[in-house]
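Counting convention: from 1, in listed order, for ligands and their atoms alike. Owing to the predicted nature of the structure, the values given are computational and were not obtained by experimental measurement.
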Amino acid sequence: MSFFGDLVGQDRAVAVLQKAAAAAAEALAGGRGAGMTHAWLFTGPPGSGRSNAAKAFAASLLCPDQGCGHCDACHQVDVGSHPDVTWVRPEGLSYSARQTRELVLKGAGAPTLGRWRIMLFEDADRATEAAANALLKAIEEPPPRTVWLLCAPSPDDMIITIRSRCRVVTLSTPSTEAVAHVLATRDGVAPDMALFAARAAQGHIGRARRLALDEEVRRRREDVLSIPRSLSGVGDCITAAERLVKTSTEDADAATTALNEVETTELRKVYGEGSSGKGLNKGLVRGGAGALKELETMQKSRATRIKRDSLDIALLDLVAFYRDVLAVQFGARIELANEDRRHEVEALARSSTPEDTLRRTSAIMQCRERLAANVNPQIAVEAMTLALRTPTPA
Ligand SMILES: [Zn+2]
């Protein structure tokens, strides 16, 4: 059961999935597909392991031994090469209707190896309205051996017509102890570091692991958390905003530059142009220019998404900082996410009011909303840093 063992602090969800996998195996043994739930919705906060839970469930449906973790089927599911699992991630900011219709068509086929055909949608909440409607049709009348696994932060992120046809599996935020334990036992992280990273990541396992293992990631967090105390003048606010935006742009560049080049070269080869890169568009066979343009649009949208995600991590670190300040102001005796800078948190708690803290927190949340709504990042972040500033006493 090594797949389900990867899910930290999710005992309830694991029990539900194991029971469902056993029932599915029985249905198959009886030669029936009936009784199987064909649409599942995995929900939980970012980092709680939604897609890992879906993957574990896929393995348990396709493995003759309900997810043993070491047979061919399990291995293929794990590395993403199983012929009956289609793993769908949005390349850009959203799934298009065309992309979704192609998948629906694919999902209509019978499984190659005779068990189930699994369509696993990561970030299903990123489906456009037209894409969601295409998906809905597929879920309404599923072929007997097709299972849709959708992942989204919460059930409310899916249109109600889809949600009502899915069985919902809810993952919870794992505790600090559970995350620290996994870092220490599986990744060999020293106990102190594991505890620090687990607290700082607030239950996001992937983020905790990166914090524990990568010094650069820790340095960036330090940078972000130095912002609250650096904002005395308007100039400081603008500089801090510029730095935040610049870092996220660098993240996006680092993640995409090489990938873009490979994709573009591949596409040119397909359309019969040499790799010289000259005579772009002219030398391409019919349709090539359109395909190239489509690829460029996707690449741009992907860079925007990575930039936005990177900025969002910084904003969430800031939210956690002010939440800690508020907890101290209210005298709550809890473990802080920023236990490592308790001194600083307490100083700010004394020198400001809970109203100040709430106002600052909502400025950060508003910034996140604006970024999601495509507001220019520099403008949105500047408005936030200005709101975080400690006003000089009159
Ligand atoms: Zn197996």
Side-chain angles (χ1 to χ4, degrees), residues 1-44 47-89 103 106-124 138-139 142-152 166-172 174 178-179 181-183 185-188 205-206 209:
M1 284 296 163
S2 73
F3 274 103
F4 285 122
D6 276 354
L7 300 172
V8 180
Q10 309 294 354
D11 301 350
R12 268 221 330 259
V14 167
V16 168
L17 295 173
Q18 282 178 330
K19 210 170 143 194
E26 245 174 67
L28 278 185
R32 301 166 291 129
M36 179 63 186
T37 306
H38 290 275
W40 294 74
L41 177 58
F42 291 80
T43 69
S48 56
R50 298 185 298 251
S51 42
N52 279 342
K55 182 165 94 170
F57 188 43
S60 70
L61 291 175
L62 296 175
C63 163
D65 206 12
Q66 291 168 45
C68 67
H70 40 75
C71 71
D72 278 354
C74 283
H75 178 69
Q76 286 177 329
V77 172
D78 194 32
V79 301
S81 66
H82 196 290
D84 290 330
V85 181
T86 305
W87 192 310
V88 202
R89 296 183 179 89
L103 287 165
K106 201 167 175 186
T112 337
L113 301 182
R115 293 181 76 88
W116 306 97
R117 172 170 288 278
I118 302 209
M119 308 297 289
L120 198 165
F121 257 71
E122 243 181 54
D123 300 318
I139 291 177
R145 291 297 184 83
T146 300
V147 182
W148 293 83
L149 308 179
L150 315 178
C151 306
C166 292
R167 184 152 172 209
V168 178
V169 178
T170 311
L171 302 175
S172 45
V179 174
H181 178 74
V182 157
L183 292 182
T185 52
R186 198 182 308 157
D187 300 300
I205 296 166
R209 185 171 287 133

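Arg209 and Asp187 are joined by a salt bridge, as a carboxylate oxygen and a charged side-chain nitrogen come within less than 4.0 angstrom of each other.
Summarising the geometry, atom CG belonging to Leu113 is positioned 7.0 Å from atom CD belonging to Gln76; distances are rounded to the nearest 0.5 Å. From Leu28, atom CG reaches atom CZ of Arg145 across 5.0 Å, with rounding to the nearest 0.5 Å.
Here Cys68 contributes SG and Cys63 contributes SG, and at the Zn ion (ligand 1) these two atoms make an angle of 110°, given to 10°.
Under 2.8 Å from the Zn ion (ligand 1) lies an N/O/S atom of Cys74, whether from backbone or side chain. Under 2.8 Å from the Zn ion (ligand 1) lies an N/O/S atom of Cys71, whether from backbone or side chain.
Note: Phe57 and Phe42 have tilted aromatic rings, judged against thresholds of 30 and 60 degrees for the angle between ring planes.
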